[in-house]
Amino acid sequence: MAIHGLWIINKAGGLVYQRNFADGLAQLTSNEYLVLAGTLHGIHAITSRLSPTGSSSGAEVIEGETFKLTIHLTLTGTKFVLLTSLVETTAEVILQKVYEIYADAVMKNPFHTPEMPIRSEGFDSKITTLIGSGQ
């Protein structure tokens, strides 16, 4: 079981936080991460309209051959995305804890502007404690 990365995407589709936790990931540029976040935001918006049984909040899990993206959507439209191995079973629990850390360390910070990139040592250290050290 492995956690490879964490992304936080604002309600407009902008990447406000990105961190890798595994060495084997492809090294993307900042622009590539921004495009990836915007694309995932668009896919999530489309999947919220595809439900045959009524309203839906959109995709919650996207699986590839060797990875899984788990998405936690908040009431404000912020998306927390965890990139993990296929066998990771605790992604939803981890994303809920990340959201709690975000609420405490970022949203309660009077110097943080909502929807802007997260630059908080307190947030980073709590994520490190929860998930482990990243690159």
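Numbering of residues begins at 1 and proceeds along the displayed sequence.
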Check: Is the number of heavy atoms from other residues, nucleotides or ligands within 6.0 Å of NZ (Lys68) greater than 12?
Finding: yes
Quick check against the 3.5 Å criterion: does Thr47 have a side-chain atom that pairs as donor or acceptor with the backbone of Gly58? no
Discussion item. As a quick check of understanding, evaluate side chain to side chain contact (heavy atoms under 4.5 Å, CB included) for Ile3 and Leu83, giving each step before the final call.
Written reply: CA-CA 6 Å; Ile3 296 173; Leu83 175 63; over 6 Å; no
Using a 4.5 Å cut-off on heavy atoms from C-beta on, say whether the side chain of Leu130 contacts that of Ile94. yes
Notebook entry, point to check: Does some side-chain heavy atom of Ile127 sit less than 4.5 Å from a side-chain heavy atom of Val98?
Noted result: yes
I'd like to know if Met107 and Phe80 are part of one continuous hydrophobic network [Ile/Leu/Val/Met/Phe/Trp/Tyr, side-chain heavy atoms within less than 4.5 Å]. yes
Note to self: Please say yes or no: joined through hydrophobic side-chain contacts below 4.5 Å, possibly via intermediate residues, are Leu69 and Tyr33 part of one cluster?
What the structure shows: yes
Item to complete: Under the side chain to side chain contact (heavy atoms under 4.5 Å, CB included) rule, what do Leu36 and Trp7 come out as? Steps first, then yes or no, please.
Response: CA-CA 10 Å; Leu36 185 62; Trp7 308 325; 3.4 Å; yes
> Does Thr29 offer a backbone N or O that forms a donor-acceptor pair with the side chain of Glu32 under 3.5 Å?
Replying inline: yes
State, with a plain yes or no, whether a side-chain heavy atom of Glu92 is found less than 4.5 Å away from one of Thr70.
-> yes
If we only count heavy atoms from C-beta on, is the Asn20 to His4 side-chain gap below 4.5 Å?
-> no
### Query
How about Val81 and Leu40: do any of their side-chain heavy atoms sit closer than 4.5 Å?
yes
- Query: So, Glu88 and Thr90: side-chain donor and acceptor under 3.5 Å apart, yes or no?
  - Reply: yes
Between Tyr17 and Tyr102, is the ring centroid distance below 6.0 Å? no
Legend entry - Short side-chain donor-acceptor distance under 3.5 Å, Lys79 and His41: yes
Closest non-hydrogen contact found for Gly122 with Ala105 is C-CB, 4.4 Å
Kindly work out whether a path of hydrophobic side-chain contacts (I/L/V/M/F/W/Y, heavy atoms less than 4.5 Å apart) joins Leu82 to Leu86. no
ask   = How about Glu63: does its CD atom have over 12 heavy atoms from other parts shown lying under 6.0 Å from it?
value = yes
- Ring geometry between His72 and Tyr99 (parallel below 30°, tilted from 30 to 60°, perpendicular above 60°): tilted
query: Does Thr78 use its side chain to pair, donor to acceptor, with the backbone of Thr74 at less than 3.5 Å?
result: no
Practice prompt. Would you check, one step at a time, whether the test side chain to side chain contact (heavy atoms under 4.5 Å, CB included) holds for Thr84 with Phe67?
Written response: CA-CA 6 Å; Thr84 64; Phe67 68 93; over 6 Å; no
Validation row: Glu60, Ile71 side chains within 4.5 angstrom (heavy atoms)
no
For Met116 and Val16, what are the C-alpha separation, side-chain angles and deciding distance, and is it a side chain to side chain contact (heavy atoms under 4.5 Å, CB included)? CA-CA 6 Å; Met116 296 304 290; Val16 295; 5.9 Å; no
- Query: Under a single-linkage definition using a 4.5 Å side-chain heavy-atom cutoff for Ile, Leu, Val, Met, Phe, Trp and Tyr, are Leu15 and Leu28 assigned to the same hydrophobic cluster?
  - Reply: yes
- Query: Below 4.5 Å, heavy atoms only, C-beta onward: do Gln18 and Leu6 meet side chain to side chain?
  - Reply: no
Please answer: with hydrophobic residues joined when any side-chain heavy atoms are less than 4.5 Å apart, are Leu73 and Ile101 in the same cluster?
no
Backbone N/O of Asp124 and side chain of Arg19: donor-acceptor pair under 3.5 Å
yes
*Got a donor-acceptor contact below 3.5 angstrom from the Ser120 side chain to the Phe123 backbone?*
yes
